[in-house]
Number of protein chains: 2
Amino acid sequence: MAGNAHQNQKNAGRIIISVDAMGGDAGPAVVVAGIAMSADKNPDIGFILHGPEDELKALVAKKRVLDGRVEFRDARDVVTMHDKPSQVMRNGKGTSMWSALDSVKQGEAAGAVSCGNTGALMALSMLRLRKLPGVNRPAIAILWPSLNPQGFNVMLDVGADVRADAQDLLQYALMGTSYVRNSMDIARPRVGLLNVGTEEHKGNAELKEAHGLIASYAEDASFDFVGFVEGSDIPGDVADVIVTDGFTGNVAIKTGEGTASLMRTALRDAFSYSILSKFAALLAMTSLKRLSKRLDPRRVNGGVFLGLNGTVVKSHGGADATGVSAAVKLAFRLAQQGFAEKLAARVASSVALTQDDVAQTSDTAADKATTKKDL
Amino acid sequence: MAGNAHQNQKNAGRIIISVDAMGGDAGPAVVVAGIAMSADKNPDIGFILHGPEDELKALVAKKRVLDGRVEFRDARDVVTMHDKPSQVMRNGKGTSMWSALDSVKQGEAAGAVSCGNTGALMALSMLRLRKLPGVNRPAIAILWPSLNPQGFNVMLDVGADVRADAQDLLQYALMGTSYVRNSMDIARPRVGLLNVGTEEHKGNAELKEAHGLIASYAEDASFDFVGFVEGSDIPGDVADVIVTDGFTGNVAIKTGEGTASLMRTALRDAFSYSILSKFAALLAMTSLKRLSKRLDPRRVNGGVFLGLNGTVVKSHGGADATGVSAAVKLAFRLAQQGFAEKLAARVASSVALTQDDVAQTSDTAADKATTKKDL
C-alpha cells in the first residue's frame with residue numbers, strides 16, 4: 001500500500017500508538033477528536049487507527065493536524081459493552097479491539113488504547129499479548145487524585161480479576177512501584193495494602209499472608225512498605241501505591257467517583273439556590289474552575305494493564321476528546337520511558353528473587369538493588 | 001440508691017438511652033456535651049451514663065438541661081481503640097462499654113450508644129445481647145448521603161465481619177429493608193447487591209448465588225430487588241438499601257469519606273488562592289454553608305448494629321458533640337418505633353419463610369405480606 005508506506009515515512013522517528021476507534025459510548029468521532037488533540041500538542045506521536053476504514057478516513061480527513069500521521073487498519077466488527085469476554089475471545093477476530101492489540105503484538109505500535117469493554121479488552125490482551133512469565137493475574141492500575149505532593153496515587157487492581165491471592169498481591173506491589181517510578185518522579189515509592197483497619201490483626205488470612213510477603217520484598221525491591229491502609233488513605237498521602245484485589249478496588253474507585261459526582265451536584269445546587277447565590281457563583285467562577293480542574297477525572301483517564309507483554313491503556317467508555325487524549329498521552333509517556341521492558345525486567349527479577357531467596361548473598365542483593373532502581 | 005430512685009421518677013415516661021461516655025477520641029466531655037444537645041431538643045429522652053462516676057457527675061453538673069435526666073453507672077476501665085476484640089471479650093467486664101450494653105440487656109435502657117472501638121463493641125454486643133435466632137452474622141448499617149428523594153441510602157454490612165456468604169447477604173437485605181422502613185418513610189424499599197458491574201454474569205459465585213436468593217424473597221418480603229449495583233450507585237438513586245460484605249462495605253465508606261474530605265480541602269484551597277477568590281468565598285459563604293450542611297457527615301453519624309437482641313448505635317470515634325447528639329437521636333428514634341422488636345419479628349418470619357418455602361400457599365403468603373408491611 002503506497003499510502004501507508006508514505007505515511008510510515010512521515011511517521012519515522014515518531015512513537016506510534018495503536019488506537020481502537022470503536023466501542024466507546026460516543027463513537028469514533030470523539031476518538032478521532034481525541035487523537036487530534038494529542039497530535040496537536042505532541043509532534044512526536046503517530047497513530048494506527050482501527051475500525052471501519054472508510055468511516056475513519058472521512059473523520060481523520062477533517063483534522064488537518066492528523067495529516068500524514070495516521071495509518072488505518074480496516075476492522076468491521078465492534079466489541080460492545082454487553083459482549084461477554086468469553087464470547088469475544090472465541091469470536092473477536094474481526095473486531096477493531098483485536099486489531100488494535102495485534103499492532104502491539106506485531107511491534108508496529110508501542111502501545112494500544114481502547115475505550116471499549118474492559119473485561120473483553122483484558123481477555124483479548126491476555127490472549128494476544130500473553131502474560132509476562134511469573135505473573136499469574138495481570139492487573140489494571142489507575143491514577144487517583146490524592147493529597148500526595150505529586151497529586152496522585154496509583155491503585156491496583158481495579159477490576160482485571162475479582163480474586164487475588166497473597167502472591168498476586170505481591171506482584172501487584174512490584175508492578176505498581178515500577179509503574180509509579182515510570183509515570184512519576186518517585187525513586188522509592190511507598191506501598192500500602194488495602195484493608196479494613198491499619199492494625200496487623202485486621203482482615204482475612206489472605207491479607208495477613210500478603211502483608212508478610214510484601215514486607216519481606218520491600219528492601220530488595222527498593223520500596224517502603226507502610227503496611228495496611230484504609231479506604232480513606234486512597235485519596236490521602238500515606239502511600240503512593242495502593243494494593244488490593246480487583247473486586248475491592250473496583251468498588252472503591254466507583255464509590256469515589258460517585259461521591260465526587262454527588263458533591264459536584266450538591267455544589268451546583270448550593271450555588272443555584274437563589275439569585276444571591278447565583279451572583280456569588282459568578283464571582284467564584286475562577287475558584288470553582290480551579291477546583292474542577294484539579295479534580296477533573298478526565299485528566300487522569302486511563303487504566304493501565306500491567307503484567308502483559310506490551311502496554312495497553314483502557315480509556316473510560318464515556319470519555320470525551322479530552323479524556324481520549326489523556327489516555328493516549330499516558331500510553332505515549334509509558335512507551336517513551338520503555339516501561340514495558342522495564343516492567344518485564346522487574347517481574348523477572350522478582351521471580352528470580354523468589355527462586356533465589358536462600359542462595360542469595362548480600363553482595364548480589366546489593367547489586368540487584370542498584371540495577372533495579374529504575375525498573 | 002435514693003438518688004437513682006429520684007431520677008428514675010423524674011425520667012418516668014422518657015425513653016432511656018444508655019451511653020458509654022468513654023472510648024471516643026475526644027473524651028467524656030464531648031459525650032456529655034452531645035447528650036446535653038439531645039436533651040435540649042428532646043424532652044422525651046433520658047440517659048444512663050457509663051464511666052468514672054465522679055468525673056462524669058462533675059461534667060453533667062455543668063449542664064443544667066441534664067438536671068435530673070441522667071443516671072450514672074460507675075465503670076473504671078476503658079476499651080481503647082487498640083484493644084483486640086478477643087481480649088475485650090475476656091477481660092472487658094469492668095469497662096464502660098460492657099456496662100453500657102448491660103443496661104440494654106437488663107431492660108433499663110431502650111438502646112445503647114458508644115463512640116468506642118467498633119470491633120470490641122460488636123464482639124461485646126454479641127456476647128451480652130446475643131444474636132437474634134436465625135442470624136448468623138450481625139451487620140453494621142449506616143446512612144449514606146445520596147441523590148435519593150430521602151437524601152440517604154442505607155448500606156450494610158460496613159464492617160461487622162469481613163466475610164459474608166449468600167445466606168448472610170440475604171439476611172442483610174431483610175434487615176436493611178426493615179431498618180429503612182423504620183428510619184425513613186419508604187414502604188417498599190429498593191434493594192441492590194453491590195458488585196463490580198450490573199450484568200448478571202459479573203462477580204464471584206457467592207454473589208451470583210446471593211442474587212438468586214434475594215430475588216426469590218423480594219415479593220414475599222415486600223421489597224423491590226434491583227439486582228447488582230456498582231460503587232457509583234452507593235451515593236446514587238437506584239437503590240435505598242445497598243447490600244455487601246463487611247470488607248467491601250468498610251472500604252467503600254472510607255473511600256467515600258476520604259474522597260469527600262479531599263474535595264473539601266480542594267474547595268478550601270481553591271477559595272483561598274488569591275485575594276479575589278477570598279472575596280468570592282465571602283459572598284459565596286451562604287451557598288458553601290448550605291453545601292456543607294447537606295454533606296455534613298456528623299448529621300448521619302451512627303452505625304446501627306442489626307441482628308442482635310437490642311439496639312446498639314456506634315458513633316464515630318472522632319465525633320464531636322453534634323455527632324454524638326446525632327447518634328443519640330438515631331437510637332432514640334429507633335427505640336420510639338419499637339425497631340428492635342419489629343426487626344426480630346422480621347428475621348423470625350424470614351426464618352419461617354426459609355423453612356416453609358414449599359408448604360406455603362399463596363393465601364398465607366398474602367397474609368404474611370400484610371402483617372409484614374411495617375416490619
Side-chain angles (χ1 to χ4, degrees), chain A residues 82 84 119 145-147 159 162-163 194-197 199 201-204 207 230-236 244 246-248 250-267 269-271 273-274 276-277 279-281 283-292 294-295, chain B residues 82 84 119 145-147 159 162-163 194-197 199 201-204 230-236 244 246-248 250-267 269-271 273-274 276-277 279-292 294-295:
Chain A
H82 304 290
K84 283 193 188 185
S146 83
L147 296 170
V162 293
R163 283 167 305 270
L194 191 59
N195 197 350
V196 295
E199 303 90 345
H201 66 270
K202 288 277 176 89
N204 57 34
L207 277 174
E230 300 181 89
S232 48
D233 297 319
I234 300 175
T244 187
F247 186 91
T248 310
N250 187 275
V251 168
I253 61 162
K254 288 178 179 165
T255 304
E257 283 169 2
T259 306
S261 147
L262 172 74
M263 286 187 77
R264 277 190 294 268
T265 304
L267 192 62
D269 290 356
F271 276 108
Y273 185 75
S274 66
L276 186 67
S277 64
F279 178 65
L283 283 172
M285 194 65 88
T286 318
S287 304
L288 291 175
K289 278 200 179 143
R290 196 174 301 122
L291 169 72
S292 162
R294 175 166 170 193
L295 298 175
Chain B
H82 305 289
K84 283 194 189 182
S146 82
L147 296 169
V162 293
R163 285 167 303 271
L194 191 59
N195 198 351
V196 295
E199 303 90 344
H201 66 271
K202 288 276 176 91
N204 57 35
E230 301 182 89
S232 48
D233 297 319
I234 299 176
T244 187
F247 187 91
T248 310
N250 189 273
V251 168
I253 59 161
K254 287 178 180 165
T255 304
E257 283 169 0
T259 306
S261 148
L262 172 75
M263 287 187 77
R264 277 190 293 267
T265 304
L267 191 63
D269 290 357
F271 276 109
Y273 185 76
S274 65
L276 187 68
S277 64
F279 178 66
L282 266 178
L283 282 172
M285 193 66 88
T286 318
S287 303
L288 292 176
K289 278 200 179 144
R290 195 175 302 122
L291 168 72
S292 162
R294 175 165 169 193
L295 298 174

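Chain A is the first sequence line, chain B the second, and so forth, proteins listed ahead of strands; every chain is numbered from 1.
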Asks: If I take atom CD1 from residue I253(B) and atom CD from residue E230(A), how far apart are they, to the nearest 0.5 angstrom?
Replies: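 Separation between the atoms: 9.5 Å.
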
Asks: Using the side chain to side chain donor-acceptor pair (under 3.5 Å) criterion, which residues pair with T248(A)? Sequence neighbours excluded.
Replies: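 T248(A) satisfies side chain to side chain donor-acceptor pair (under 3.5 Å) with D245(A) only.
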
Asks: Let me know if V162(B) has heavy atoms under 4.5 Å from chain A in its side chain, its backbone, both or neither.
Replies: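 Contact with chain A involves the side chain of V162(B) alone.
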
Asks: Flag the one option from H82(A), E199(A), R163(A), K84(A) with the top tally of heavy-atom pairs under 4.5 Å to chain B.
Replies: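 That would be K84(A).
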
Asks: Give the minimum heavy-atom separation between P235(A) and G258(B), together with the two atoms involved.
Replies: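 Where P235(A) meets G258(B) most closely, the heavy atoms are CG-C, 3.5 Å.
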
Asks: If you look at every heavy atom in L262(A) and L147(B), which pair is closest and at what distance?
Replies: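 Result for this residue pair: CD1-CD2, 3.4 Å.
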
Asks: Taking only residues two or more places apart in sequence, or in another chain, which ones meet N195(B) in a side chain to side chain contact (heavy atoms under 4.5 Å, CB included)?
Replies: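 In terms of side chain to side chain contact (heavy atoms under 4.5 Å, CB included), with neighbours along the sequence ignored, N195(B) is linked to F247(A), K202(B), L207(B), F228(B).
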
Asks: Highest number of heavy-atom pairs under 4.5 Å with chain B: which of G246(A), G203(A), S232(A), S261(A)?
Replies: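 Maximum pair count with chain B is reached by S232(A).
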
Asks: Give, for atom CD1 of I234(B) and atom OG1 of T259(A), the distance between the pair rounded to the nearest 0.5 Å.
Replies: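 So the gap between those two atoms works out to 7.5 Å.
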
